[in-house]
2 protein chains.
Amino acid sequence: MTAVTIECCPPLTRGPLSEQDAVDLAALLKAVADPVRLRLLSMIGSHEGGEACVCDLTDAFDLTAPTISHHLKVLRTAGLIDGERRGTWVYYRVIPETVARLGAIFTPLVEPEQA
Amino acid sequence: MTAVTIECCPPLTRGPLSEQDAVDLAALLKAVADPVRLRLLSMIGSHEGGEACVCDLTDAFDLTAPTISHHLKVLRTAGLIDGERRGTWVYYRVIPETVARLGAIFTPLVEPEQA
DNA sequence: AGGTTGATTCGATAACCCTCTAAACAAGGT
DNA sequence: ACCTTGTTTAGAGGGTTATCGAATCAACCT
């Protein structure tokens, strides 16, 4: 639990975004700009142990397994999740740094509350 | 400048997202998941006076006026910006509440540091 | 009234993305 | 070896979206 202070405006509105930064950021945002992928991300992140098996995820949707697999690949390519095969099943976990990077764009800048 | 404490995980990973919430959120994210719109948003938000004329924005891109207008409409429909005509020109400004809502999804939850 | 400049709407085209089926790959059990 | 279950890859179809040119609307100026 860290104390911080909120100041001023989110990074996005602190100065004009460069074209390259905009392209990179948009790619990351596109990865989460889908209802299925948002739910996948939230299901994986909130699952006990911090990881979820693909089999768990597939059942929660009215979609075929290949479709879920496709969405997981998009999230993985974007660096939002990481997958590992252990025996029969593949387990995915969230990469919190990338999620935080997303939040930092739109959140009023916070600084550590210590001198 | 408000003091807060960071605790645990971002809302997205605190529990599974409902289908409706996911759809709403994805719509908002899709609005910003585009390089041109990200730059527009950042240019408007960082412009002096907190607002920018469409004429300023159009010049910064290698795109036609109708295309810029289209992107502005997407941002406006999503509730991220608001436009107002004053005389000859139309001025846009950022709606910070909506931007903050985006950030809150991915940012580790912060709580007011008082009690 | 007519003309000029700024901004949006309309209609069309091309690229992209979500979803599916079919097929392939991976691991375990009999 | 074979079959079953879990997961991914490949290819195709249908809908969405970005972009443009042309036309329209809005306000100002002479």
Side-chain angles (χ1 to χ4, degrees), chain A residues 17 19 22-44 47 49 51-93, chain B residues 17 19-20 22-41 43-44 47 49 51-93:
Chain A
L17 220 53
E19 182 161 357
V23 170
D24 294 344
L25 242 175
L28 186 55
L29 284 166
K30 257 201 297 196
V32 290
D34 179 277
V36 176
R37 290 197 289 270
L38 274 178
R39 288 181 66 199
L40 283 171
L41 202 56
S42 110
M43 288 169 71
I44 295 170
H47 203 268
E51 60 183 15
C53 162
V54 176
C55 53
D56 296 329
L57 303 172
T58 304
D59 294 346
F61 295 88
D62 220 15
L63 298 169
T64 63
T67 298
I68 299 298
S69 189
H70 159 71
H71 286 301
L72 288 171
K73 185 176 187 175
V74 173
L75 290 172
R76 199 178 44 205
T77 301
L80 284 158
I81 60 173
D82 193 18
E84 182 197 359
R85 168 160 237 137
R86 284 205 301 275
T88 305
W89 295 283
V90 175
Y91 295 89
Y92 280 96
R93 60 175 57 250
Chain B
L17 219 52
E19 182 160 359
Q20 188 57 56
V23 169
D24 295 343
L25 240 175
L28 186 55
L29 284 166
K30 256 201 298 197
V32 291
D34 178 279
V36 175
R37 291 197 288 270
L38 274 178
R39 288 181 66 199
L40 284 172
L41 202 58
M43 287 169 71
I44 296 170
H47 203 269
E51 61 183 14
C53 164
V54 176
C55 54
D56 297 330
L57 303 171
T58 303
D59 295 346
F61 295 88
D62 220 16
L63 298 169
T64 64
T67 298
I68 298 298
S69 190
H70 159 72
H71 285 300
L72 288 171
K73 185 176 187 175
V74 172
L75 289 172
R76 199 179 42 206
T77 301
L80 285 158
I81 61 175
D82 194 17
E84 180 196 359
R85 166 161 239 137
R86 282 204 302 277
T88 304
W89 294 281
V90 175
Y91 295 90
Y92 281 96
R93 61 173 56 251

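Note that these values count all heavy atoms, side chains included, but never hydrogens, waters or copies made by symmetry. Letters A, B, ... are given to chains in the order of the sequence lines, protein chains preceding strands, and every chain is numbered from 1.
D:dT5 atom C1' lies 13 Å from atom CG of A:Asp59, rounded to whole Å. In this structure, OH of B:Tyr91 is placed 12 Å from P of C:dG6, rounded to the nearest angstrom. Residue B:Ile68 contributes atom CD1, which lies 15 Å from atom P of C:dT9 at whole-angstrom precision. Rounded to a whole Å, the CG atom of B:Leu40 is 12 Å from the P atom of D:dA18. Rounded to whole Å, the distance from CG on A:Leu38 to C1' on C:dC18 is 15 Å. Distance, A:His71 NE2 to D:dT7 C1': 15 Å, rounded to whole Å. Distance A:Leu75 CG to C:dC18 C1': 14 Å, rounded to the nearest Å. Computed from coordinates, the B:Phe61 CZ to D:dT19 P distance equals 10 Å when rounded to whole Å.
Proximity note for A:Leu63 (side chain, C-beta onward) versus C:dT19, D:dC20, C:dT8: the nearest is C:dT19. Of the candidates D:dT19, D:dG6, D:dT8, the closest approach to any side-chain atom of A:Leu72 belongs to D:dT8. The side chain of A:Val36 approaches C:dT19 more closely than any other nucleotide in the set D:dT8, C:dT19, C:dT8. The side chain of A:Ser69 lies closest to D:dT8, out of C:dC18, C:dA7, D:dT8.
Using a 4.0 Å heavy-atom criterion, one finds that A:Tyr92 contacts the sugar-phosphate atoms exclusively.
The side chain of B:Lys73 places no N or O atom within less than 4.0 Å of a non-bridging phosphate oxygen (OP1 or OP2) of C:dT8. Contact annotation: B:Lys30 reaches the phosphate of D:dT17 (side-chain N/O to OP1 or OP2, under 4.0 Å). Between B:His70 and the phosphate of C:dC10, there is no side-chain N or O to OP1/OP2 separation shorter than 4.0 Å.
Atom CZ of A:Arg37 sits about 11.0 Å away from atom CD1 of A:Ile68, to the nearest 0.5 Å. From A:Ile81, atom CD1 reaches atom OG1 of A:Thr77 across 9.0 Å, with rounding to the nearest 0.5 Å. The CG atom of B:Asp56 sits 7.5 Å away from the CE atom of B:Met43 when rounded to the nearest 0.5 Å. The distance from atom CZ of A:Arg93 to atom CD1 of A:Ile44, rounded to the nearest 0.5 Å, is 10.5 Å. Here the CG-OH distance, from B:Asp82 to B:Tyr92, works out to 8.5 Å after rounding to the nearest 0.5 Å. Taking NE2 of B:His70 as the start and CG of B:Leu63 as the end, the distance is 10.5 Å to the nearest 0.5 Å.
When the shell of 6.0 Å around CD of B:Glu19 is examined, it contains 12 or fewer heavy atoms from other residues, nucleotides or ligands.
Take the nearest nucleotide of DNA chain C for B:Ala65 and for A:Asp34: the residue whose nucleotide is more 5' is B:Ala65.
A rotation axis mapping the C1' atoms of four pairs onto the next four is fitted at both ends of the helix from C:dA1-D:dT30 to C:dT30-D:dA1 over five pairs, and the angle between these axes is 10° to 10 degrees.
A donor-acceptor contact shorter than 3.5 Å links the side chain of A:Ser42 to the backbone of B:Leu17. Proximity of a side-chain donor or acceptor of A:Thr58 to a complementary backbone N or O of A:Val54 within less than 3.5 Å is detected.
Contact between A:Pro35 and B:Ala22 at its shortest, heavy atoms only, is O-CB, 3.6 Å.
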Protein and nucleotides 21-30 of chain D: nitrogen or oxygen contacts under 3.5 angstrom:
none

